[in-house]
Novice: 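Take a look at the following structure, please.
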2 protein chains.
Amino acid sequence: MKRVTIYDVAREANVSLATVSRVINGSDVVKEATRNKVQDAITKLGYKPNAIAQGLALQRTTTIGLIIPEASFTYIGQIINGLLDVAKIYNYNVMLHTITEGITDAEKIVDVIIKSRVDGVIVYSDKMMEDSITTLNSYNIPIVMIANKASGESLCSVYIDIAKAIRELCNRYIGYGVTDIAVLEDRKNRNSSRLMAHGAKQAFEANGLSWNNYIEIPNEYRSTYRFVRKYFEDHRHGLVIAYRDSQAMAVLNSARENGIAVPDDMEVVCFVDTKYNSAVRPMISSFSIPSYDLGAVSMRVMTKMLENDRVTDKEKCLSYLYTARQTTKHH
Amino acid sequence: MKRVTIYDVAREANVSLATVSRVINGSDVVKEATRNKVQDAITKLGYKPNAIAQGLALQRTTTIGLIIPEASFTYIGQIINGLLDVAKIYNYNVMLHTITEGITDAEKIVDVIIKSRVDGVIVYSDKMMEDSITTLNSYNIPIVMIANKASGESLCSVYIDIAKAIRELCNRYIGYGVTDIAVLEDRKNRNSSRLMAHGAKQAFEANGLSWNNYIEIPNEYRSTYRFVRKYFEDHRHGLVIAYRDSQAMAVLNSARENGIAVPDDMEVVCFVDTKYNSAVRPMISSFSIPSYDLGAVSMRVMTKMLENDRVTDKEKCLSYLYTARQTTKHH
DNA sequence: CAAGCTATTGAAAGCATTTTCAAATAACTT
DNA sequence: AAGTTATTTGAAAATGCTTTCAATAGCTTG
């Protein structure tokens with residue numbers, strides 16, 4: 001029942017630990033014949049190197065920590081898929097942590113992260129505060145941020161320029177003569193929502209207009225639905241921009257039940273495209289953002305940092321693509 | 001830049017390693033005064049125990065491996081949330097692995113799992129083959145399976161009795177005089193789909209009828225859409241049962257575009273309830289399954305196995321709740 | 001044939017903990 | 001005050017690997 005160690009292999013193959021270690025790690029100094037002897041012993045005993053012991057000896061764990069707010073959004077799944085695929089290629093493991101509201105949770109997570117001696121951490125969260133970042137930095141743990149523009153210059157980040165996307169969209173709509181544009185807050189993605197608002201504001205100001213139509217909404221579906229209904233009392237035309245698919249659906253349902261025709265009266269755009277945007281009727285116009293790539297690229301950046309190929313650019317901005325579907329009449 | 005170790009703390013506090021170790025682990029033999037001395041040294045130096053070294057010394061990593069097919073389904077997100085919440089409570093870490101089709105991938109994952117010396121593994125996958133299980137067993141790694149009825153009796157599992165759910169549903173519908181019932185295969189959840197079919201068959205046979213209406217469908221949305229359209233050429237009435245929300249949506253869209261009224265002509269039921277089932281119009285009737293609990297319970301079972309409180313029952317069957325919405329006219 | 005290389009191998013130290021066992025100290029007892 | 005017991009502490013071994021440095025063996029070369 002006892003696990004077989006490198007000692008057992010050494011004894012079986014009649015060589016020293018050092019040699020076995022060399023064989024395991026593919027060192028090329030060991031002679032063909034001994035290599036085979038060792039290989040045979042390994043397969044005979046079913047030996048698997050103990051990654052923990054290796055981690056201790058090498059001072060690296062080939063594990064990276066991933067921090068996400070919650071695992072429940074569709075596109076986070078895609079991010080994770082991208083991350084893990086790349087991790088698998090480079091033989092890294094991923095330790096998953098979810099972070100909830102509140103500073104204590106952030107502290108606790110940073111604590112485990114440090115204790116578990118991961119080689120680096122990838123963060124996708126609005127909730128990761130400056131404090132946590134500096135702590136991590138002080139312990140010299142490499143960080144890659146996903147999907148939020150880096151605040152400190154020293155941070156690596158992979159992101160989508162949300163503000164730009166919305167700025168361009170609003171610009172076009174202002175061009176069409178549509179100036180009643182609202183941006184809905186998504187509590188669970190507050191930073192991103194703010195960036196959307198920022199983009200809208202920029203567009204209006206560039207056109208000599210002012211804008212102040214950021215609608216703050218408690219998080220859940222029902223309340224979105226209610227808040228939007230209220231909004232619709234004063235606004236029967238224009239454009240509403242939401243962040244997540246489920247929010248956009250709440251808007252659609254609310255419109256439908258208030259006799260507002262989409263897209264003829266009111267148009268709706270969702271920022272994050274998911275399969276649900278196309279599965280629903282009317283299909284929701286949205287920006288397809290490369291979620292999978294967001295994950296894949298950030299993991300790749302991380303591996304580069306760790307093998308210390310110098311990372312050329314600290315910030316990688318991935319592109320998006322706007323797709324007009326059935327909830328908009330302008331293109 | 002060098003990480004502070006237990007030695008540094010010992011020196012700072014003027015005690016031996018053993019004492020520091022005792023303080024860290026909350027042993028109650030150490031005297032109040034020395035405990036304080038040590039605590040002070042720890043905070044002063046910012047010492048964090050090295051979990052890797054602990055893992056080596058203790059022969060346990062307080063890490064459990066999680067294997068899932070892909071992270072892209074909404075309800076898997078919920079499962080993960082449940083898992084992680086409970087893991088956090090019991091101070092376990094979770095290492096995430098996604099498994100794709102193909103035996104080589106399964107082997108590779110089992111290999112990393114063994115090397116990384118996790119204390120146990122939780123598996124949610126149709127693709128985890130017998131082989132992998134036996135390998136894991138031979139290395140004496142505890143396993144908990146999620147959401148698939150255990151095949152071997154020695155396995156712990158937490159699941160939903162899908163067959164029963166569908167059997168009951170079909171029974172009711174046969175009672176209503178509806179016998180044109182189809183079950184759609186979901187390639188990515190083939191086992192579950194088969195269980196649904198199994199339940200349907202049972203219901204029909206119990207009523208002295210035969211049933212053979214399991215529709216095999218290539219995976220993606222478009223092909224579901226096409227296959228269902230074809231099905232609708234011969235079937236204008238009855239019930240269609242899908243597994244995932246996006247599949248059910250494909251059915252709805254296909255029906256709509258073929259002039260079939262839902263629920264008046266054709267009724268649609270989706271097995272796994274997600275928020276999208278209620279966000280869509282018509283709202284999709286479905287079974288709300290406790291995804292979060294599925295994760296939470298299996299992690300709890302795992303912790304029990306590891307603290308070896310004997311786990312009382314190997315199999316935990318969680319309950320589901322059928323909610324009739326707008327895609328069905330019977331209740 | 002001695003000297004000098006090179007290709008292989010092994011011994012031992014190091015990585016950061018825990019834990020056992022014995023020693024030291026403290027606290028009682030008589 | 002000496003003996004006994006209980007409480008605290010520390011030394012050292014153990015956990016399973018990597019890696020440096022030295023040693024050995026096998027060649028080559030002058």
Side-chain angles (χ1 to χ4, degrees), chain A residues 1-39 41-42 45-63 91 112 114-119 139-140, chain B residues 1-39 41-42 45-63 91 112 114-119 139-140:
Chain A
M1 199 86 326
K2 198 170 167 318
R3 285 281 178 88
V4 16
T5 74
I6 201 169
Y7 285 90
D8 304 318
V9 178
R11 196 179 324 111
E12 177 76 26
N14 215 0
V15 295
S16 74
L17 318 188
T19 305
V20 179
S21 174
R22 291 194 187 97
V23 171
I24 292 167
N25 298 299
S27 156
D28 52 357
V29 303
V30 31
K31 199 160 56 171
E32 184 74 20
T34 30
R35 179 193 311 285
N36 291 338
K37 251 195 323 186
V38 173
Q39 288 291 16
I42 288 178
L45 300 180
Y47 169 72
K48 305 265 181 192
N50 182 332
I52 299 302
Q54 289 181 317
L56 188 58
L58 290 174
Q59 301 279 68
R60 53 194 227 92
T61 52
T62 57
T63 297
N91 290 315
V112 248
I114 293 169
K115 283 184 185 153
S116 62
R117 297 303 196 262
V118 292
D119 295 338
Y139 280 89
N140 213 269
Chain B
M1 198 85 327
K2 198 169 169 314
R3 285 281 179 88
V4 15
T5 73
I6 201 169
Y7 285 92
D8 304 317
V9 178
R11 195 178 325 113
E12 177 75 26
N14 216 359
V15 294
S16 73
L17 318 188
T19 305
V20 179
S21 174
R22 290 196 188 96
V23 172
I24 293 167
N25 298 299
S27 156
D28 51 357
V29 304
V30 33
K31 201 162 52 172
E32 186 73 19
T34 31
R35 179 192 311 283
N36 291 338
K37 255 197 317 187
V38 173
Q39 289 290 17
I42 288 178
L45 300 180
Y47 168 73
K48 305 265 181 189
N50 182 332
I52 300 302
Q54 288 180 317
L56 187 58
L58 290 174
Q59 301 280 66
R60 50 194 230 95
T61 53
T62 56
T63 297
N91 290 314
V112 238
I114 293 169
K115 282 184 185 154
S116 61
R117 298 298 196 266
V118 292
D119 294 339
Y139 280 88
N140 213 269

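In the text below, chain A, chain B and the rest are named by the order of the sequence lines, each starting its count at 1.
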Novice: To the nearest angstrom, how far is B/Ile42 atom CD1 from C/dT17 atom P?
Specialist: 10 Å
Novice: I want to verify a distance call: between C/dA16, C/dT18, D/dG16, whose nearest atom is closest to the A/Ala57 side chain?
Specialist: D/dG16
Novice: Could you check B/Tyr47 against B/Asp8 for side-chain contact (heavy atoms from CB on, under 4.5 Å), going step by step and ending with a plain yes or no?
Specialist: CA-CA 9 Å; B/Tyr47 168 73; B/Asp8 304 317; over 6 Å; no
Novice: Just N and O in the side chain of B/Thr34: are any of them under 4.0 Å from OP1 or OP2 of D/dT9?
Specialist: yes
Novice: Round to the nearest Å and state the distance from A/Arg11 atom CZ to D/dG16 atom P.
Specialist: 12 Å
Novice: Rounded to the nearest Å, what distance is computed from the CD atom of residue A/Glu32 to the C1' atom of nucleotide C/dT9?
Specialist: 16 Å
Novice: For B/Lys31 and B/Gln59, take the nucleotide of DNA chain D holding the closest heavy atom to each; which residue's nucleotide lies nearer the 5' end?
Specialist: B/Lys31
Novice: When you measure from the side chain of A/Ser116 to the backbone N and O of A/Val112, does any donor-acceptor pair fall under 3.5 Å?
Specialist: yes
Novice: Could you tell me how far apart B/Gln54 (CD) and D/dG16 (C1') are, to the nearest whole angstrom?
Specialist: 16 Å
Novice: Would you say the side-chain atoms of B/Arg3 pair up with the backbone N or O of A/Tyr139, donor to acceptor, closer than 3.5 Å?
Specialist: yes
Novice: Return whichever of A/Val15 or B/Tyr7 has its heavy-atom-nearest nucleotide of DNA chain C closer to the 5' end.
Specialist: A/Val15
Novice: Could you tell me the separation between the CG atom of B/Leu58 and the P atom of D/dT15, rounded to a whole number of Å?
Specialist: 13 Å
Novice: Looking at B/Asn50, I'd like to know whether one of its side-chain N or O atoms comes within less than 4.0 Å of OP1 or OP2 on C/dC15.
Specialist: no
Novice: Is any N or O donor-acceptor pair between the side chain of B/Arg117 and the base of D/dG16 shorter than 3.5 Å?
Specialist: no
Novice: With no hydrogens and no angle check, is any side-chain donor or acceptor of A/Thr63 less than 3.5 Å from a backbone partner on A/Thr61?
Specialist: yes
Novice: Roughly, in whole Å, what's the span from CG in B/Asn25 to P in C/dT20?
Specialist: 12 Å
Novice: If only atom types and distance count, is the side chain of B/Asp119 paired as donor or acceptor with the main-chain N or O of B/Arg60 below 3.5 Å?
Specialist: no
Novice: In whole angstrom, give the distance that lies between atom CZ of B/Arg3 and atom C1' of C/dC15.
Specialist: 13 Å
Novice: Using a 4.0 Å heavy-atom cut-off, does A/Val29 contact any base of the nucleic acid, only the sugar-phosphate backbone, or nothing at all?
Specialist: base
Novice: Counting only N and O atoms by type, is there a donor-acceptor contact under 3.5 Å from the side chain of B/Asn25 to the main-chain atoms of B/Ser27?
Specialist: no
Novice: For C/dG10, does either OP1 or OP2 sit under 4.0 Å from a side-chain N or O belonging to A/Ser16?
Specialist: yes
Novice: Given C/dA16, is OP1 or OP2 found less than 4.0 Å from the side-chain N or O atoms of B/Thr5?
Specialist: no
Novice: Looking at the side chain of B/Arg22, which of C/dA16, D/dG10, C/dT9 is the nearest nucleotide?
Specialist: D/dG10
Novice: Distance check needed: C/dA16 P versus B/Tyr47 OH, whole Å only.
Specialist: 10 Å
Novice: With a 4.0 Å cut-off on heavy atoms, is B/Lys48 in touch with a base, just the backbone sugar-phosphate, or nothing at all?
Specialist: sugar-phosphate
Novice: Think B/Thr19 has a side-chain N or O under 4.0 angstrom from the OP1 or OP2 of D/dG10?
Specialist: yes
Novice: Just checking A/Ile52: base, sugar-phosphate only, or nothing, at a heavy-atom cut-off of under 4.0 Å?
Specialist: nothing
